[in-house]
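See below for the structure under consideration.
Because the structure is predicted, anything quoted here is derived from the model rather than measured.
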Amino acid sequence: MNNRLLIIEDNEQNLYLMRFLLEKSGFAIIGADNGKTGIATALQCRPLAILLDIQLPEMDGYAVAAELKRHSELDAVPIIAVTSYAMVGDRENILAAGATGYIEKPINPDTFVAEIIAYLPEGWKDDGD
Ligand code: MN
């Protein structure tokens, strides 16, 4: 089973919390603290899904999502935006940039893992890897 999740997040505390919650649920977490590294890692490690912060240094989450979508080998990999941006239109913008879904910060530890699992491709547990 492919249980790898890539988290592209520049805030150490947010990455720590997401890693903690997801590892506790049996996922293997790969962290990247910037978009460029995140894209390279996605292509190399073929994660089950990508969790993407929007406010990132240099390349923001919109640009990262758009670049990820240019790689057809990642077509089946959901991109889940995780962001504190709560302005009107942000949800639409990140979905337009290629994200599959959207989770708002602050992360709710009681519901976060279930929210991520809801975005995973059907049959992900049976994916031989
Ligand atoms: Mn950030």
Run Met59 and Glu67 through side chain to side chain contact (heavy atoms under 4.5 Å, CB included) and show every step you take. CA-CA 10 Å; Met59 196 177 186; Glu67 179 63 24; 4.0 Å; yes
If you compare all heavy atoms of [X] against all heavy atoms of [Y], which two are closest, and at what distance to 0.1 Å?
X: Ala49; Y: Leu120; result: CB-CD2, 3.6 Å
X: Ala65; Y: Ile94; result: CB-CD1, 4.3 Å
X: Ile54; Y: Tyr62; result: CG2-CE1, 3.5 Å
X: Ala42; Y: Leu74; result: O-CD2, 3.8 Å

Here the salt bridge (Lys or Arg N to Asp or Glu O under 4.0 Å) pairs for residues 48-61, sequence neighbours left out, are Asp53-Lys105
Same hydrophobic cluster for [X] and [Y], using side-chain heavy-atom links shorter than 4.5 Å among ILVMFWY?
X: Ile79; Y: Ile8; answer: yes
X: Ile50; Y: Val82; answer: no
X: Leu52; Y: Tyr102; answer: no
X: Ile107; Y: Tyr119; answer: yes
X: Leu95; Y: Val64; answer: no

Show every donor-acceptor pair shorter than 3.5 Å between a side-chain atom in residues 16-40 and any protein atom, with sequence neighbours excluded, or say none if there are none.
unit_1, atom_1, unit_2, atom_2, d
Arg19, NH1, Ile29, O, 3.4
Ser25, OG, Leu21, O, 3.4
Asn34, OD1, Lys36, N, 3.1
Asn34, OD1, Thr37, N, 2.9
Asn34, OD1, Thr37, OG1, 3.1
Asn34, ND2, Thr37, OG1, 3.0

Glu73: which residues meet the side-chain contact (heavy atoms from CB on, under 4.5 Å) condition with it, sequence neighbours left out? Leu43, Arg46, His71
Looking at [atom1] of [X] and [atom2] of [Y], how far apart are the two atoms once the value is rounded to the nearest 0.5 Å?
X: Leu51; Y: Thr83; atom1: CG; atom2: OG1; value: 12.0 Å
X: Trp124; Y: Asn2; atom1: CH2; atom2: CG; value: 9.5 Å
X: Glu9; Y: Asn14; atom1: CD; atom2: CG; value: 4.5 Å

Can you name the one residue among Thr111, Val113, Ile117 that meets side-chain contact (heavy atoms from CB on, under 4.5 Å) with Glu115?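 It is Thr111; the other options fail the test.
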